[in-house]
Amino acid sequence: MDNLCLDARTVAPHFGDLEAERRALAEGTACVDLGDYVFVDVVGDDRLNYLQTKITQNTSYWTRDGGGYTTAVNINGKLLFEAWAWMLDDRVRLVM
């Protein structure tokens, strides 16, 4: 999970053919274009405590490779962002 780039994979980023991509997905091989996403790494010994105050996910139960879908809202409950979070060895990676 630490390496989220396509360079280390043998899957083509796209086939240029929607039906070929659907067949690949049905066979269990899929590729997602992450070009529109932002990756944020939160580092430091207090990263879980910090995130606990910023996101809606309860970080106290996270273990290595833990995490999941989360959001952040402002004081009025308006959505600021949504993200997928992964607890890695030395950081938490947010994919927004």
Side-chain angles (χ1 to χ4, degrees):
M1 185 63 81
D2 197 12
N3 184 359
L4 295 177
C5 71
L6 292 174
D7 299 338
R9 307 199 193 300
T10 59
V11 179
H14 62 81
F15 295 103
D17 176 359
L18 184 57
E19 287 306 313
E21 293 174 20
R22 287 183 184 171
R23 281 192 303 276
L25 180 59
E27 294 167 2
T29 304
C31 184
V32 177
D33 179 9
L34 299 176
D36 292 333
Y37 289 81
V38 173
F39 295 82
V40 176
D41 286 345
V42 181
V43 298
D45 293 337
D46 62 343
R47 61 189 172 272
L48 291 180
N49 291 332
Y50 173 78
L51 283 173
Q52 183 69 44
T53 66
K54 306 298 179 203
I55 61 176
T56 59
Q57 180 77 267
N58 184 355
T59 63
S60 64
Y61 300 109
W62 286 2
T63 60
R64 173 74 167 100
D65 293 331
Y69 177 77
T70 189
T71 61
V73 295
N74 69 13
I75 196 164
N76 298 316
K78 299 287 185 177
L79 181 68
L80 298 174
F81 67 82
E82 60 181 352
W84 286 94
W86 284 277
M87 177 69 180
L88 303 172
D89 284 335
D90 59 346
R91 65 192 174 281
V92 174
R93 175 162 289 166
L94 299 174
V95 180
M96 299 186 245

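FYI, the numbering just counts along the sequence from 1. Please read all numbers here as calculations on a predicted model, not as lab measurements.
At a threshold of 4.5 Å between side-chain heavy atoms, the hydrophobic network of Ile, Leu, Val, Met, Phe, Trp and Tyr places Phe81 and Val40 in one connected group. One hydrophobic cluster, built from ILVMFWY side chains closer than 4.5 Å, cannot hold both Phe39 and Val42; they sit in different ones. Clustering ILVMFWY residues whenever any of their side-chain heavy atoms sit less than 4.5 angstrom apart, transitively, puts Val95 in a cluster other than the one holding Val38.
Looking at heavy atoms from C-beta onward, Leu51 lies out of side-chain contact with Thr70 at the 4.5 angstrom threshold.
Partners of Asn76 under the side chain to side chain donor-acceptor pair (under 3.5 Å) rule, at least two apart in sequence or in another chain, do not exist in this structure. Every residue two or more places apart in sequence or in another chain that forms a side-chain contact (heavy atoms from CB on, under 4.5 Å) with Asp41 is listed here: Arg91, Arg93. Asp36 pairs by the salt bridge (Lys or Arg N to Asp or Glu O under 4.0 Å) definition with nothing, not counting sequence neighbours. The side chain to side chain donor-acceptor pair (under 3.5 Å) test applied to Ser60 returns Asn58, not counting sequence neighbours. Contacts of Asp45 classified as side-chain contact (heavy atoms from CB on, under 4.5 Å), with partners at least two apart in sequence or in another chain: none.
For residues 80-89, the pairs satisfying salt bridge (Lys or Arg N to Asp or Glu O under 4.0 Å) are Arg64-Asp89, with sequence neighbours left out. A ring-ring contact (aromatic ring centres under 6.0 Å, His included) check over residues 45-70, counting only residues at least two apart or in different chains, returns the pairs Tyr69-Trp84.
The CG atom of Leu88 sits 9.0 Å away from the CZ atom of Arg47 when rounded to the nearest 0.5 Å. Taking CD of Gln57 as the reference point, atom CG of Leu48 lies at 11.0 Å (rounded to 0.5 Å).
Listed here is the closest heavy atom pair of Ala85 and Val92: CB-CG1, 4.3 Å.
The main-chain N or O of Thr71 is found under 3.5 Å from a side-chain atom of Thr56 such that the two form a donor-acceptor pair.
Applying the under-4.5 Å side-chain rule to Ile, Leu, Val, Met, Phe, Trp and Tyr, the cluster around Val43 consists of that residue alone.
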